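We number each residue from 1, following the sequence as shown. Every heavy atom of this structure was used, including side-chain atoms; hydrogens, water molecules and symmetry mates were not. Keep in mind it's a predicted model, so treat the numbers as computed, not measured.
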Amino acid sequence: MKDTQLQSKIAIGILKGIAFSVVLILAFLIGYIFVTGLPNISWGFLTRPARAFQAGGGIGIQLFNSFYLLILAMLISIPIALGAAVYLNEYAKDNLFTSIIRTSIEILSSLPSVVVGLFGFLLFVIQFGYGFSILSGALTLTIFNLPLLTRNIEESLSSVSDDQRQGGLGLGLSKFETIVHIVIPAALPGIISGVILCSGRVFGEAAALIYTAGQSAPALNFADWNPFNIDSPLSPLRPAETLAVHIWKINSEGIMPDLSQVSSGSSAVLVLAILIFNLSARYIGKKIFEKMTSEI
């Protein structure tokens, strides 16, 4: 008995040590990036355009491109992922066809992003003729993001008790109405958390965008919000270097005098944004869950 308790304590101690090591490594990486990068961040750095040969450049256009591409990609991804998840969890039967769909989702979710980027380059940039553009990048990110987002939403739907479904049917609602008015609202905290986490994953993506959205950030006319004009910030057909691609580019071929400061500051902004995405996912999901459960 004593030997069993000793072995249990040793095993728990090892697991705690592993968990602490993971947290320590993460804290060291984030701390190093913030210590070296945060002093270089200012309002001017966040709003000024980048400079290729002179010091004093910023990340204003790259930061705008990142958020614009993220919004466009999520507007395409969420309806498709929601529809696929509802079908798989609520309507699909357990047969060969659904097994193939689930296997395909698992395979797509494990593909390297550079492979997805090359596929997007061949399909959207060359075959469809969209060129290096925000639209090509958003469609490629949809392919990259769709498997994980579909799986997250499906897991949120499956966590809803069948008693709620039966209650809706018992009230005379159709199956579709039950899903829309009962199942999806009940799964909303998990769905929102999954969407925000996937947004953080997309925001930090670089490899898939190098071949699709491009590696240049032309000057934008922020006084022109007509999406049909190529120099408009809202134009989906203009090339758009994102923040993650900008970090890769300046570290691989940058020649500006303040290269180290720009790289450190850009990395700190990127990590801070992804950290905010992850923390807000937990906070918003928790608050929505508490609000919904308090109303029941």
Side-chain angles (χ1 to χ4, degrees), residues 19 22-23 25-27 29-31 33-34 63 65-89 101-102 104-117 120 137-160 183-209 212-213 242-245 247 266-293:
V22 172
V23 173
I25 293 172
L26 179 62
L29 291 174
I30 295 178
I33 293 173
F34 282 171
L63 194 59
N65 289 339
S66 297
F67 280 107
Y68 182 39
L69 200 147
L70 169 65
I71 293 172
L72 192 60
M74 297 307 294
L75 286 176
I76 301 172
S77 301
I78 292 175
I80 300 174
L82 181 61
V86 168
Y87 170 75
L88 289 173
N89 192 73
I101 293 177
R102 295 182 189 279
S104 300
I105 291 175
E106 293 295 330
I107 293 174
L108 282 174
S109 64
S110 62
L111 283 178
S113 58
V114 66
V115 175
V116 179
L139 292 172
T140 303
L141 285 180
T142 298
I143 298 174
F144 175 71
N145 194 39
L146 204 54
L148 182 60
L149 187 58
T150 301
R151 190 167 55 185
N152 285 339
I153 296 177
E154 185 184 1
E155 290 177 355
S156 299
L157 294 174
S158 63
S159 65
V160 178
V183 177
I184 292 180
L188 200 58
I191 293 175
I192 292 178
S193 297
V195 168
I196 297 175
L197 290 174
C198 289
S199 298
R201 183 170 179 250
V202 168
F203 190 84
E205 180 54 38
L209 297 176
T212 53
T242 61
L243 185 58
V245 174
I247 295 171
S266 302
S267 301
V269 172
L270 183 63
V271 172
L272 184 62
I274 296 175
L275 194 62
I276 291 173
F277 277 123
N278 284 268
L279 294 177
S280 61
R282 296 177 61 89
Y283 177 79
I284 295 174
K286 181 180 178 181
K287 287 298 180 181
I288 293 177
F289 178 77
E290 290 177 352
K291 182 177 180 181
M292 292 184 65
T293 52

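- When each of Leu157, Val183, Thr150 is paired with Val86, the side-chain contact (heavy atoms from CB on, under 4.5 Å) condition holds for Leu157 and for no other.
- Leu139 has its side chain within reach of Ile76: a pair of non-hydrogen atoms, C-beta onward, lies under 4.5 Å apart.
- A 4.5 Å side-chain heavy-atom check between Val245 and Asn65 finds every atom pair outside the cut-off.
- The side-chain contact (heavy atoms from CB on, under 4.5 Å) test with Thr242 is passed by exactly one of Leu209, Ile247, Leu70: Leu209.
- The closest side-chain heavy-atom distance from Arg151 to Glu106 is below 4.5 Å.
- Rounded to the nearest 0.5 Å, atoms CD1 (Ile153) and OG (Ser158) are 12.0 Å apart.
- Phe203 is listed as a side-chain neighbour of Leu270, based on a closest heavy-atom distance under 4.5 Å.
- Taking every heavy atom of both residues into account, Ser110 and Ile107 meet most closely at OG-O, 2.9 Å.
- Going from atom CD1 of Ile78 over to atom CG of Asn145 covers 8.5 Å, rounded to the nearest 0.5 Å.
- Pairing each heavy atom of Thr212 with each of Gly120, the nearest pair is CG2-C, 3.7 Å.
- Without hydrogens or angle criteria, Ser66 side chain to Leu243 main chain gives a donor-acceptor distance under 3.5 Å.
- Across Ile274 and Gly204, no two heavy atoms sit closer than the pair CD1-CA, 4.0 Å.
- Pairing each heavy atom of Ser113 with each of Ala207, the nearest pair is OG-CB, 3.4 Å.
- Considering all non-hydrogen atoms of both residues, Leu108 and Pro147 come closest at CB-CG, 3.4 Å.
- Within the model, atoms CG of Leu141 and SG of Cys198 stand 11.5 Å from one another, a figure rounded to the nearest 0.5 Å.
- Put simply, CD1 on Ile191 and CD1 on Ile196 are 12.0 Å apart, with the number rounded to the nearest 0.5 Å.
- In terms of modelled atom types and a separation under 3.5 Å, the side chain of Ser77 and the main chain of Met74 share no donor-acceptor contact.
- Distance check, rounded to the nearest 0.5 Å: CD of Glu154 to CD1 of Ile105 gives 6.5 Å.
- How far OG of Ser199 is from CD1 of Ile276: 13.5 Å, rounded to the nearest 0.5 Å.
- Leu75 and Pro79 get closest at one heavy-atom pair: O-CD, 3.1 Å.
- For the pair Phe34 and Leu272, the minimum side-chain heavy-atom distance is below 4.5 Å.
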